[in-house]
Number of protein chains: 2
Amino acid sequence: MKQIAQCVGVSVSTVSLVLNGRDGGRVKPQIAQRVREAADEMGYQPNALARSLRTSRTHIVGFISVEVATTPYAGGMIQGAQDALSALGYVLLTVNGDDAQAVDAEVGALRRYGVDGFLYSAMSNRVVDVPKSLTRFPLVLVDATDADGRFPSIEPDEFRIGYDATTRLIDAGCRRIAYVGCAEPMVAQTGRFEGYRQALVDHGMDVDERLRRDVLNNGPALRAVEGLFDAERPDGFFCFNDARAWYVYEAAARRGLTIGGDVSVVGVDNHRVFAETLEPQLTTIELPHYEMGYWAANRLVARIEGRAINESAWPRTTAVMPLLDTPSPAKVHCTLIEKSSVRASR
Amino acid sequence: MKQIAQCVGVSVSTVSLVLNGRDGGRVKPQIAQRVREAADEMGYQPNALARSLRTSRTHIVGFISVEVATTPYAGGMIQGAQDALSALGYVLLTVNGDDAQAVDAEVGALRRYGVDGFLYSAMSNRVVDVPKSLTRFPLVLVDATDADGRFPSIEPDEFRIGYDATTRLIDAGCRRIAYVGCAEPMVAQTGRFEGYRQALVDHGMDVDERLRRDVLNNGPALRAVEGLFDAERPDGFFCFNDARAWYVYEAAARRGLTIGGDVSVVGVDNHRVFAETLEPQLTTIELPHYEMGYWAANRLVARIEGRAINESAWPRTTAVMPLLDTPSPAKVHCTLIEKSSVRASR
DNA sequence: TTGAAAGCGCTAACAG
DNA sequence: CTGTTAGCGCTTTCAA
């Protein structure tokens, strides 16, 4: 800046004004122009550090994620956040928080760098305990629910996922629709099962507890699903996630049943391996990880900068689900919901 | 710091010295102690920004990754880098670079924040073109190869992966060992196939081109693998990655063949879905993503700080591979190799 | 419409 | 052994 000032023959303050777009009737347009040209020519890059030191705003956002290392979806969410932030002139500092201690340590580090706010994500919608060290910052939860509702969050509409998936199976002519879920309690699980149940009820169908299996993994899970096949002979399956869907695929394969022919399956988030291998048989409800990251980041920055967000840009649409029984791949983006904290909605 | 100085009755410089551990025979131990106590009491957190502004060292490292969003392994690598850096007092700024333009934009952002160096990764060992904007920084490649060998890199020993996997299949009694690879050219692919070939030669077995199938994905890939089964009747398979392994599993299932019984399979990086479902049948060579991130980060910091790295801590061991035909899960960490740039090795 | 000057929180050379 | 002083590069009153 000093160089530019010297070169153009003005003072540093003038340069600062111009380069920050704060020259509105304050600097002669001619001079402003010359400043801009000089800056360009000299390849001026502002020093973000110095600026932050002065303004005490870093334009850095921290992303705290439990299980980054173990889930394949973290990437999409992070990418979404990054794209949104990048457009807003922010950058993302990602940090893993597999144990509480690590989180505190990392949060400490980020605080030292003066991050402006945090995104906190659990990678599978569940009730989380937000670390106390975070509560003093602007904070938005992604794919996670705050027990006390103190923080705004971006979550998939779990109920609707279950409802839509089940409705689709009913429309495809399924009459005995099984629910293959997860044995761990989660918001996602509760919501999706409720949606499943409600869809059955709304279509005048029985909710039969025997058609529900909550399984963990590996052999026992596979055997449970095989038991479900043999005992109940379902003609449709709603699977909580990719791993659960796999047990259904495997059990069906072992029985010579084809997906999309003998039985119908809707799964949530069947990921890369499935996409590369089973695509033609797949009907997937795809969790909008990218979008969650994107909108959470937008929301956070709005909060940091104390301005409102453009609600009309909010993605609420659900794509039409193609027929299960046709061999066309089907990806359905699910709806997002936003929970604002009390403070936010005031 | 001012407050601490005031409170203890010394000057800010003294506080600075003490808090940076630079008080060796320069500050009276008594005073140093009092300073530390005061700092603790007041919950002093150094302002990293101010420090960086002064020292022009930020202790921030940028991680540029192609395909973060689409690969499930990014997490492990990032986690490894983060853990290593965290221990060294650094933090990681992750940035995605799916297209070159995006990379340049993000690199620009990181430069403005004054990052000290970069990690650059491709997520599947291949020759990469390092963006010019990066070449002026300390830089280490992870799971990627530099065409011109100008930069140090951390890569899996691809040849050895292929060699070990194939040897294991031979030891298990396989006589017709197929290679199921990827139709895109990659360092990983070349190296692993060479290892496969060499292992066969070293054991006096024929290398039969008909036993090799390079496939892409989805239906055509599955059909190619089914063709391989039917035409060649292999009794062992070395699979380039998880997706390829899946075609083998599926084709075997359709023929009523069991893995570990009728045929043997060694795959690379069979990930979460497999681990949760097929575990008992799996023999996996697990790419050490975490370790790659970890050691690349260490290497980078050594370079940034101009010091040597402790080579003895370098992970070079390969675990013993359990028998294929026993139904015990097997994960084998592969060896890493490091390629130092000319400059580094000088 | 512009410039001078102060200061964000810290480090480091130098003087005492 | 400790304090004084001068900035790092930028923003922002305030005065001209």
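As a basis for the values below, the full set of heavy atoms in this structure was taken, side chains included, without hydrogen atoms, waters or symmetry mates. Proteins get letters first, then strands, A, B, ... in listed order; numbering begins at 1 in each.
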Indicate, yes or no, whether a donor-acceptor pair under 3.5 Å links the base of dT4(D) to the side chain of S13(B).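 Between dT4(D) and S13(B), which were checked side chain against base, a qualifying N/O pair under 3.5 Å is present.
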As a test of reading the structure: which of [options] is closest to the side chain of [X], going by heavy atoms?
{"X": "T14(A)", "options": "dC8(C), dT11(C), dG3(C)", "answer": "dG3(C)"}
{"X": "K28(A)", "options": "dC8(C), dC1(D), dT1(C)", "answer": "dT1(C)"}
{"X": "V27(A)", "options": "dT2(C), dG3(C), dC1(D)", "answer": "dT2(C)"}

Would [X] and [Y] count as having a side-chain donor-acceptor pair, cut-off 3.5 Å?
{"X": "T145(B)", "Y": "N125(B)", "value": "yes"}
{"X": "S52(B)", "Y": "T58(B)", "value": "no"}
{"X": "S121(A)", "Y": "D143(A)", "value": "no"}
{"X": "N47(A)", "Y": "Y113(B)", "value": "no"}

Whole-Å gap separating [atom2] ([N]) and [atom1] ([X]):
{"X": "R112(A)", "N": "dC8(C)", "atom1": "CZ", "atom2": "P", "value": "22 Å"}
{"X": "M1(B)", "N": "dG7(C)", "atom1": "CE", "atom2": "P", "value": "18 Å"}
{"X": "L19(B)", "N": "dG9(C)", "atom1": "CG", "atom2": "C1'", "value": "13 Å"}
{"X": "Q6(A)", "N": "dG9(D)", "atom1": "CD", "atom2": "P", "value": "14 Å"}
{"X": "I4(A)", "N": "dG9(D)", "atom1": "CD1", "atom2": "C1'", "value": "12 Å"}
{"X": "D23(B)", "N": "dT11(C)", "atom1": "CG", "atom2": "P", "value": "13 Å"}
{"X": "R22(B)", "N": "dT11(C)", "atom1": "CZ", "atom2": "P", "value": "9 Å"}
{"X": "Y113(B)", "N": "dG9(D)", "atom1": "OH", "atom2": "C1'", "value": "15 Å"}

If you look at every strand shown and take non-hydrogen atoms under 4.0 Å, does [X] touch a base, only sugar-phosphate, or nothing?
{"X": "T55(B)", "value": "sugar-phosphate"}
{"X": "L17(B)", "value": "nothing"}
{"X": "G114(A)", "value": "nothing"}
{"X": "N20(B)", "value": "sugar-phosphate"}

Identify whether the distance between the nearest side-chain nitrogen and carboxylate oxygen of D23(B) and R36(B) falls below 4.0 Å.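 Result for this pair is yes, salt bridge flagged.
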Within the structure provided, determine whether I4(B) and C7(B) are in side-chain contact (heavy-atom separation under 4.5 Å).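 Result no, sub-4.5 Å side-chain heavy-atom pair not found.
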Side chains of V10(A) and V15(A): closer than 4.5 Å at any heavy-atom pair?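 Side-chain contact under 4.5 Å: yes.
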Heavy atoms within less than 4.0 Å of DNA chain C: which residues of residues 37-52 of chain B have one? Give them sorted by number.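 Contacting residues: Y44(B), P46(B), N47(B), A50(B), R51(B).
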Show your working on side chain to side chain contact (heavy atoms under 4.5 Å, CB included) between F118(A) and L300(A) and close with a plain yes or no. CA-CA 8 Å; F118(A) 285 95; L300(A) 179 63; 5.6 Å; no
On DNA chain D, check which nucleotide each of R26(B) and R54(B) is closest to and give me the residue with the more 5' one.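 Result: R26(B).
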OP1 or OP2 of dC8(C) versus the side-chain N and O atoms of S56(A): is any pair under 4.0 Å?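 Answer no for this pair, as no side-chain N or O of S56(A) is under 4.0 Å from OP1 or OP2.
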